[in-house]
Peer 1: 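Submitted below is the structure of interest, expressed as structure tokens.
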Amino acid sequence: MPELPEVETVVRSLVPHLPGRKILSAEFGSKHVTPGNRGALAGKLAGRTIRAVTRRGKHIVIGLDEGTLVVHLGMTGQLLLDATPKNHAYGIFHLDTGMLVYRDPRQFGSIAWHADLAKLFAKLGPEPLSVTVEEFAARLKKHKMRIKALLLNQSFVAGVGNIYADEILYAAKVHPLAMASKLSKPRVALIHQAMREILTMAIEHGGSSISDYVDAAGERGWFQILHNAYGREGEPCLRCGGAIKKILVAQRGTHFCPGCQKR
DNA sequence: CAGATCACCTGCTTGC
DNA sequence: TGCAAGCAGGTGATCT
């Protein structure tokens, strides 16, 4: 589910509600989502006051009066405010008023407490909505990788996932298998601009709900209706009318238009 | 370093 | 209808 626009939407839906609230207690029920000593984690959180909720890449960063709670939604994670815990609720935070529930059927997400955020984020690339075109171009030059694989690499830019990588390359008319370091300056600028526009528009639409993504209030996003490439295999390209093709790049399903996207 | 392969886990869709 | 295979928004380990 969750790439930068979805995580940003979840964060924005939490910001009006969480800061100032106190975590009275917490319970965790998955050794995958919360590896290690789950009782110790609950102990770390009990009594803490939430100061702020922000985002870094695909991570939800919940600043506490002592340390930081970092939540990653993996593929199917949901952070729900004042929801009744249903199946797959592997994290429950009892607040002074209401509760916060973490659901994650596939358990690929993670919940952890960190004293040192700098260490956790040391290998993360820049934010795609903040990185300048100059820095973006300079970083591209350093990698002999396929552009699609590079966009997915969180140490290159933090937050782009499989849906938005496809949409960005479609908008920029760049073939997903193009070699990153060999892209011309104008094409790099097109990718950079497309990245900004697509992610910004997706945030404005509350992200993309393909199957189970919802924000903290349980609201679905609407950007999926504006997808031009992702999930449109065999359907006509909205620019040239040719069929959208699906191939495998970096082991991920990759949708593009062979007619408009050149290497 | 690039990148392929596999693994983690559940649930939904597809094909026989 | 039933069942097995395939696939899914992510990431990290391991091997070539």
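Protein chains get the first letters and strands the later ones, always in sequence-line order, with residue 1 at the start of each. None of the values given here were measured: they were computed from a predicted structure.
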Peer 1: Tell me which nucleotide, if any, is Watson-Crick or G-U wobble paired with B:dT10 when both distances must be under 3.5 Å.
Peer 2: C:dA8

Peer 1: Any idea which of B:dA2, B:dA4, C:dA8 is nearest the A:M145 side chain?
Peer 2: B:dA2

Peer 1: Compare side-chain N and O positions of A:K144 against OP1 and OP2 of B:dC1 and report whether any pair is under 4.0 Å apart.
Peer 2: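 It does not, given that no N or O in the side chain of A:K144 lies less than 4.0 Å from OP1 or OP2 of B:dC1.
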
Peer 1: If only side-chain N and O atoms of A:R146 are considered, is one of them under 4.0 Å from the OP1 or OP2 phosphate oxygen of B:dA2?
Peer 2: no

Peer 1: Write down the distance between OH (A:Y90) and C1' (B:dT10), rounded to a whole number of angstrom.
Peer 2: 8 Å

Peer 1: Using every non-hydrogen atom in the two residues, find where A:G234 and A:A243 come nearest and quote the distance to one decimal.
Peer 2: O-CB, 4.1 Å

Peer 1: Using a heavy-atom cut-off of under 4.0 Å over every strand shown, decide if A:S209 touches base, sugar-phosphate, or nothing.
Peer 2: base

Peer 1: Less than 4.0 angstrom between a side-chain N/O of A:H32 and OP1 or OP2 of B:dC9, yes or no?
Peer 2: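 For B:dC9, OP1/OP2 do have a side-chain N/O of A:H32 under 4.0 Å.
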
Peer 1: So that I can tick it off, tell me whether A:E27 and A:R38 are bridged by a salt bridge, with the cut-off set at under 4.0 angstrom between side-chain N and carboxylate O.
Peer 2: no

Peer 1: Is the aromatic ring of A:F108 within stacking range of C:dT11, meaning centres under 5.5 angstrom and planes under 30 degrees?
Peer 2: no

Peer 1: With P as the reference atom in both, quote the distance from B:dC9 to C:dC3 in angstrom, rounded to an integer.
Peer 2: 24 Å

Peer 1: Please state how far atom CZ in A:R252 lies from atom P in B:dA4, giving the value in whole angstrom units.
Peer 2: 14 Å

Peer 1: Ignoring hydrogens and angles, tell me if any N or O in the side chain of A:R232 forms a donor-acceptor pair with the backbone of A:C237 under 3.5 Å.
Peer 2: no

Peer 1: Can you check side chain to side chain contact (heavy atoms under 4.5 Å, CB included) on A:Y170 and A:I198, steps first, answer last?
Peer 2: CA-CA 10 Å; A:Y170 175 88; A:I198 300 274; over 6 Å; no

Peer 1: When the distance from NZ of A:K182 to P of B:dA2 is rounded to whole Å, what number comes out?
Peer 2: 13 Å

Peer 1: Looking at the base of C:dA8, is there any donor atom on it, or on the side chain of A:R106, that sits under 3.5 Å from an acceptor on the other one?
Peer 2: yes

Peer 1: Check whether any side-chain N or O of A:K58 sits under 4.0 Å from OP1 or OP2 of C:dT11, and answer yes or no.
Peer 2: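 For A:K58, the contact criterion (side-chain N or O under 4.0 Å from OP1 or OP2 of C:dT11) is met.
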
Peer 1: Between C:dT11 and A:H72, is there an OP1 or OP2 to side-chain N/O distance shorter than 4.0 Å?
Peer 2: yes

Peer 1: For A:S208, which of A:Y213, A:W222, A:Y164 qualifies under side-chain hydrogen bond (donor to acceptor under 3.5 Å, both in side chains)?
Peer 2: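 By the side-chain hydrogen bond (donor to acceptor under 3.5 Å, both in side chains) criterion, A:S208 pairs with just one of A:Y213, A:W222, A:Y164: A:Y164.
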
Peer 1: Can you tell me if the side-chain N/O atoms of A:K246 get under 4.0 Å from OP1 or OP2 in C:dA8?
Peer 2: yes

Peer 1: Check whether any side-chain nitrogen or oxygen of A:Q154 sits under 4.0 Å from OP1 or OP2 of C:dT11, and answer yes or no.
Peer 2: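 Result: yes.
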
